[in-house]
Amino acid sequence: MIASRGFLAAGLIGGTVFAGYYGVLFRAPSLIEQATGGGPLEAGVLLVPAAACSVLAGRLVGSLTDRFTGWQVSAGLAALTVVGVLVVAISTGPIPIVVGTALTVCGFAGAQAVLVNLAPDLVARDDRDTAQGLLTFMNALGGGIGPAAVAGLSGIVPVPVALAVLAALPLAGLVLSLTRRPTADRRPQPDATHGSPR
């Protein structure tokens, strides 16, 4: 199953988007504290609107998947995450940081919905439950890499540079999404053999 190019691509795209989101989430509260001179509570309150964007992202993605393929929607969400990471990287005021974080929230929430829905279409019917679990694992792995990368880089370069480097991960996911064939969204045929790569 993991040999399926379509499934592996979905996992990598999800992992890169999750990396961008969690990397920003790791740094955004402290950046807001520095910008406002306030404490963690104030930073948390300012980030509430960004968290609320996840609800809007889910609804928007639901309408987009009726018009575009899963790969096209995932490309847009990866691009949204790249923009969000870069906005946070270059911003010094609390409002732009919140806006950038909101963009990564939208990318994260939308990609999760799209890729979880797409994964079963990329493997044989008998492998679908396993595919969902493996995709979740790959996404979580990417989510762990993002904060680790930002934390590690922040020790040797300024935080904006660390975040700019982080943006390369969802950018890779964007490129990968754009190179997928539209036919990769098709469901396996009923006679697909167990575990056959697609």
Side-chain angles (χ1 to χ4, degrees), residues 1-2 4-31 47 50-62 64-65 69-89 97-123 130-154 159 162-180 184:
M1 178 177 63
I2 192 65
S4 167
R5 291 184 60 190
F7 179 78
L8 182 59
L12 291 173
I13 293 165
T16 60
V17 171
F18 274 50
Y21 164 68
Y22 280 107
V24 164
L25 195 63
F26 172 72
R27 290 301 306 180
S30 61
L31 292 174
L47 285 170
C53 289
S54 62
V55 178
L56 299 176
R59 293 184 178 181
L60 179 61
V61 165
L64 289 176
T65 51
T69 68
W71 299 115
Q72 291 171 326
V73 176
S74 66
L77 294 166
L80 201 63
T81 305
V82 172
V83 173
V85 174
L86 292 177
V87 167
V88 174
I97 294 173
V98 171
V99 171
T101 303
L103 293 177
T104 65
V105 169
C106 291
F108 157 78
Q112 187 173 29
V114 170
L115 296 174
V116 165
N117 184 62
L118 180 61
D121 297 339
L122 304 175
V123 297
T130 304
Q132 293 284 18
L134 187 55
L135 179 67
T136 299
F137 170 75
M138 296 175 75
N139 288 343
L141 181 62
I145 290 173
V150 173
L153 289 171
S154 296
V159 172
L163 288 171
V165 173
L166 174 69
L169 293 177
L171 179 61
L174 168 61
V175 172
L176 191 55
S177 295
L178 293 175
T179 59
R180 294 306 306 159

Criterion side-chain contact (heavy atoms from CB on, under 4.5 Å) on R27 and V159, from CA distance to verdict: CA-CA 8 Å; R27 290 301 306 180; V159 172; 3.3 Å; yes
Minimal non-hydrogen separation, G110 against A57, with atom names: N-CB, 4.3 Å
Euclidean distance, L12 CG relative to L169 CG, rounded to 0.5 Å: 11.0 Å
Nearest-0.5 Å distance that lies between atom OG in S74 and atom CG in N117: 12.0 Å
Atom pair OG (S154) and CG (L166), whose distance is rounded to the nearest 0.5 Å: 9.5 Å
Minimal non-hydrogen separation, G6 against L122, with atom names: O-CD1, 3.3 Å
Gap between atom OG1 of T179 and atom CG of L176 - 0.5 Å precision: 5.0 Å
Distance-minimising heavy-atom pair for L153 and A162: CB-CB, 3.7 Å
T130 side, atom OG1; F7 side, atom CZ - distance, nearest 0.5 Å: 9.0 Å
Residue pair L178 / A75: nearest heavy atoms and the distance that separates them: CD2-CB, 3.8 Å
Sub-4.5 Å side-chain heavy-atom contact between Q112 and F18: yes
Verdict with supporting geometry, L118 and I13, side-chain contact (heavy atoms from CB on, under 4.5 Å): CA-CA 12 Å; L118 180 61; I13 293 165; over 6 Å; no
Any side-chain heavy-atom pair of L31 and L163 under 4.5 Å: yes
Nearest heavy-atom neighbours spanning V123 and A131: CG2-CB, 3.8 Å
A164 to L86 - nearest heavy-atom pair and separation: CA-CD2, 4.2 Å
side-chain contact (heavy atoms from CB on, under 4.5 Å), paired with P170, selected from V82, L77, T104: V82
Point-to-point distance, once rounded to the nearest 0.5 Å, from CG of L64 to OG1 of T69: 11.0 Å
Heavy-atom check, side chain of V85 versus side chain of V88, under 4.5 Å: no
Parallel, tilted or perpendicular, as decided by the 30° and 60° cut-offs, for the rings of Y21 and F108: parallel
